[in-house]
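All residue numbers in this chain count up from 1 along the given sequence.
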Amino acid sequence: MANMMDYLDWRGDIPFSKDPFNEVDNLVLSEIAYTDFEGIVPAPGHFKSIRLKDASKRFFELHSEEELLRPEAPTTSKAPFLMKKAAESKRFSNIRISAYVNEIETESQVQFSAMCFHLPDHTRYIAFRGTDHTIVGWKEDFNMSFLTRTPGQERAARYVTEIGSNPFHKLRIGGHSKGGNFAIYGAAFCKETVKKRIIEVYSNDGPGFRDEITNTKEYQQIIPKVYSIVPEHSIVSMILNNACSPKIIKSNATGLMQHDALSWQIYGNRFIEVDDFGEDSKVFDATLRNWLLGISDEERSEFVDILFAGLTYDGTSTTDELKMSKKKTLENIAKAVSELTLEKQALFGSVLVKLGKAWGEALYRQWKNKQ
């Protein structure tokens with residue numbers, strides 16, 4: 001079994017001129033996008049870029065490996081090690097990076113980060129960062145269940161339009177997790193002249209969209225260029241709707257941990273495919289669909305607000321802080337709910353009951369199908 005790290009060992013000495021850009025290269029760049037390049041990669045509008053090997057050198061001058069490996073480090077702290085390995089390879093070392101953006105706006109509930117990779121074939125790969133360790137980032141994901149468009153998605157469309165304004169470069173766009181959602185949205189709703197120069201769009205285990213988006217002309221136009229890559233026990237890609245057929249691939253992790261792209265299995269320059277989703281993934285899909293069908297947008301909005309008010313009750317701002325004490329997290333949610341009006345307490349409880357019912361029905365249908 002091999003992953004991206006092995007891919008860089010095996011094929012890192014092969015330049016793009018010998019082996020053109022492939023789906024694994026897409027994932028490598030999507031994962032590098034989780035690296036904090038603040039103060040290293042130039043921002044948009046400066047017409048400047050930096051080679052990956054120089055960005056890596058600068059990053060590790062500012063951050064020690066011990067800092068990245070500490071127990072309380074963010075779950076995204078593995079990305080710099082992949083970045084470093086890529087930067088040491090012939091294939092990736094001289095790729096240039098530009099237009100780095102990292103915006104976290106608590107009030108408007110936006111966690112948005114993107115960058116542009118200049119590839120040797122004179123194309124540009126726009127990489128959108130997925131959900132990071134900030135709670136506001138995760139809340140934005142939940143907001144997708146009741147907002148037709150999120151501020152982050154609209155920001156992605158503007159970013160693609162801005163980066164794609166140069167008529168001499170064709171575009172590839174991608175991202176992991178929420179970054180995959182932003183990649184599809186940005187490609188679909190960018191300026192029309194930019195859209196014509198998009199070669200392909202990669203959603204690496206990214207969540208879907210509401211029907212109001214998937215039914216639009218703009219979304220339908222971009223779907224033929226979309227590559228949806230998901231692990232066999234995917235959870236995240238089952239959220240909402242995707243109109244494209246996914247490529248289901250092997251992972252050496254279990255359950256939700258398959259969302260970690262470093263667990264995705266590779267042979268040569270391709271992912272190892274499997275025939276179908278795992279049963280747990282199908283149950284989650286059925287549960288979520290039936291649950292969302294049973295509650296209104298207003299109920300979804302209220303539920304998410306209450307849930308995240310509990311998660312941030314004592315000033316907590318990252319998921320890594322939540323992991324330190326699950327008991328404390330549950331206590332904070334209970335405290336936040338207890339301070340609500342009786343009407344809102346009833347709403348929160350009702351939505352939870354409907355979730356439990358949807359899960360039970362999905363499990364029952366799975367059991368019946370096996371008889």
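Other residues, nucleotides and ligands contribute at most 12 non-hydrogen atoms within 6.0 Å of the NZ atom of Lys191. Within a 6.0 Å sphere centred on OH of Tyr227, other residues, nucleotides and ligands contribute 12 heavy atoms or fewer.
A side-chain donor from one of Asn181 and Gln153 sits under 3.5 Å from a side-chain acceptor of the other. In this model, a donor atom of one side chain and an acceptor atom of the other lie less than 3.5 Å apart for Tyr125 and Ser30. Side chain to side chain, Asn269 and Asp19 meet the donor-acceptor criterion of an N or O pair below 3.5 Å. At a cut-off of 3.5 Å, with distance as the only test, a side-chain donor of His259 or Ser177 sits close to an acceptor on the other residue. For the 3.5 Å distance criterion, the side chains of Tyr34 and His176 qualify, holding a donor opposite an acceptor.
Taken to the nearest 0.5 Å, the NZ atom of Lys90 stands 9.5 Å off from the CD1 atom of Ile14. The line from SG of Cys190 to NZ of Lys196 is 11.5 Å long, rounded to the nearest 0.5 Å. Here OG of Ser113 is found 8.5 Å from CD of Glu38. Values are rounded to the nearest 0.5 Å. Separating the CE atom in Met83 from the CG atom in Leu8 is a distance of 12.5 Å, to the nearest 0.5 Å. Atoms CG and OH, on Asp36 and Tyr100 in that order, are 4.5 Å from each other to the nearest 0.5 Å. Rounded to the nearest 0.5 Å, atoms CH2 (Trp264) and OH (Tyr7) are 15.0 Å apart.
Between the Lys195 side chain and the Ile222 main chain, no donor and acceptor come within less than 3.5 Å of each other. In this structure a side-chain-to-backbone donor-acceptor pair under 3.5 Å is present from Glu299 to Ser296. Arg51 contributes no side-chain N or O that, together with a main-chain N or O of Asn94, makes up a donor-acceptor pair within less than 3.5 Å. Between the side chain of Lys84 and the main chain of Phe60, no donor-acceptor pair closer than 3.5 Å is present. With hydrogens and angles ignored, the 3.5 Å screen pairs no side-chain donor or acceptor of Glu31 with any backbone N or O of Met4. For the pair Ser301 (side chain) and Asp297 (backbone), a donor-acceptor distance under 3.5 Å is absent.
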Worked check of side-chain contact (heavy atoms from CB on, under 4.5 Å) between Asn26 and Ile229 = CA-CA 11 Å; Asn26 138 72; Ile229 302 168; 4.0 Å; yes
Using the side-chain contact (heavy atoms from CB on, under 4.5 Å) rule, take Ile50 and Ile40 through it: C-alpha gap first, then chi angles, then the decisive distance, then the call.
-> CA-CA 8 Å; Ile50 184 173; Ile40 300 174; 4.2 Å; yes
Quick one: do Asp6 and Ile266 satisfy side-chain contact (heavy atoms from CB on, under 4.5 Å)? Show the steps, please.
-> CA-CA 8 Å; Asp6 301 303; Ile266 296 163; over 6 Å; no
Lys57/Asp54 under salt bridge (Lys or Arg N to Asp or Glu O under 4.0 Å): CA gap, chis, key distance, verdict | CA-CA 5 Å; Lys57 181 175 182 294; Asp54 296 326; over 6 Å; no
Apply the test salt bridge (Lys or Arg N to Asp or Glu O under 4.0 Å) to residues Lys85 and Asp9: give CA-CA distance (whole Å), side-chain angles for both, the deciding distance (0.1 Å), then the verdict.
-> CA-CA 9 Å; Lys85 197 174 187 69; Asp9 284 333; 2.9 Å; yes
Check step by step if side chain to side chain donor-acceptor pair (under 3.5 Å) holds for Thr254 and His233.
-> CA-CA 7 Å; Thr254 58; His233 296 282; over 6 Å; no
Stepwise salt bridge (Lys or Arg N to Asp or Glu O under 4.0 Å) test for Asp25 and Arg172 = CA-CA 11 Å; Asp25 296 322; Arg172 295 181 171 93; over 6 Å; no
Chi angles and distances behind the side-chain contact (heavy atoms from CB on, under 4.5 Å) call for Met5, Leu82 | CA-CA 7 Å; Met5 290 294 199; Leu82 177 72; 4.0 Å; yes
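For the pair Asp260/Lys78, a side-chain contact is recorded, criterion being any heavy-atom separation below 4.5 Å from C-beta on. At a threshold of 4.5 Å between non-hydrogen side-chain atoms, the residues Leu52 and Ser93 do not count as touching. You'll find the side chain of Val101 reaches within 4.5 Å of the side chain of Arg155, heavy atoms only. In this structure the side chain of Ser263 never reaches within 4.5 angstrom of the side chain of Asn3, judged on heavy atoms. When side chains are defined from C-beta on, Ile213 counts as touching Thr148, because their heavy atoms get closer than 4.5 Å. Cys116 places none of its side-chain heavy atoms less than 4.5 Å from the side chain of Ile97. Inter-residue side-chain proximity for Phe37 and Ile32 is flagged as met; some heavy-atom pair is nearer than 4.5 Å. Residues Phe59 and Leu68 have side chains in contact (heavy-atom distance under 4.5 Å, counting atoms from C-beta outward).
When the side-chain hydrogen bond (donor to acceptor under 3.5 Å, both in side chains) test is applied to Glu273, no partner is found at least two apart in sequence or on another chain. With sequence neighbours excluded, no residue forms a side-chain hydrogen bond (donor to acceptor under 3.5 Å, both in side chains) with Asp275.
Ile272 belongs to a hydrophobic cluster whose other members, connected by ILVMFWY side-chain contacts under 4.5 Å either directly or through intermediates, are Tyr267.
The minimum heavy-atom distance between Ile95 and His118, with the atom names listed, is CG2-O, 3.6 Å. Nearest heavy-atom pair, Asn102 versus Arg129, reported as atom, atom and distance to 0.1 Å: OD1-NH1, 3.3 Å. The shortest heavy-atom contact between Gly45 and Glu162 is N-OE2, 4.5 Å. Contact record, Ala261 with Leu27: CB-CD1, 3.8 Å, taken as the closest heavy-atom pair. Of all heavy-atom pairs spanning Cys244 and Val226, the tightest one is SG-CG1, 3.8 Å. Smallest separation of non-hydrogen atoms from Arg11 and Gly268: CD-O, 3.4 Å.
Taking the six-membered ring where the residue is Trp, the centroids of Tyr219 and Phe189 are separated by 6.0 Å or more.
Taking the ring axis of Phe16 as reference, the NZ or CZ atom of Arg91 stays within 45° of it and closer than 6.0 Å to the ring centre.
Ile199 pairs in a side chain to side chain contact (heavy atoms under 4.5 Å, CB included) with only one of the listed residues (Thr123, Ile173, Asp121, Leu171), which is Thr123.
Applying the salt bridge (Lys or Arg N to Asp or Glu O under 4.0 Å) definition to pairs two or more places apart or across chains, those involving residues 216-234 are Glu232-Lys250. Within the structure, the ring pair (Phe, Tyr, Trp, His ring centres under 6.0 Å) test picks out the following pairs touching residues 148-169 (sequence neighbours left out): Phe128-Tyr159.
The residues Lys247 and Glu23 are annotated as salt-bridged, a charged nitrogen and a carboxylate oxygen being separated by less than 4.0 angstrom. A salt bridge is absent between Glu88 and Lys53: the closest approach of a Lys/Arg side-chain nitrogen to an acidic carboxylate oxygen does not fall below 4.0 angstrom.
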N/O donor to acceptor pairs below 3.5 angstrom from side-chain atoms of residues 342-352, sequence neighbours left out:
residue, atom, partner, partner atom, Å
Gln345, NE2, Val337, O, 3.3
Gln345, NE2, Ser338, O, 3.4
Gln345, NE2, Leu340, O, 3.1

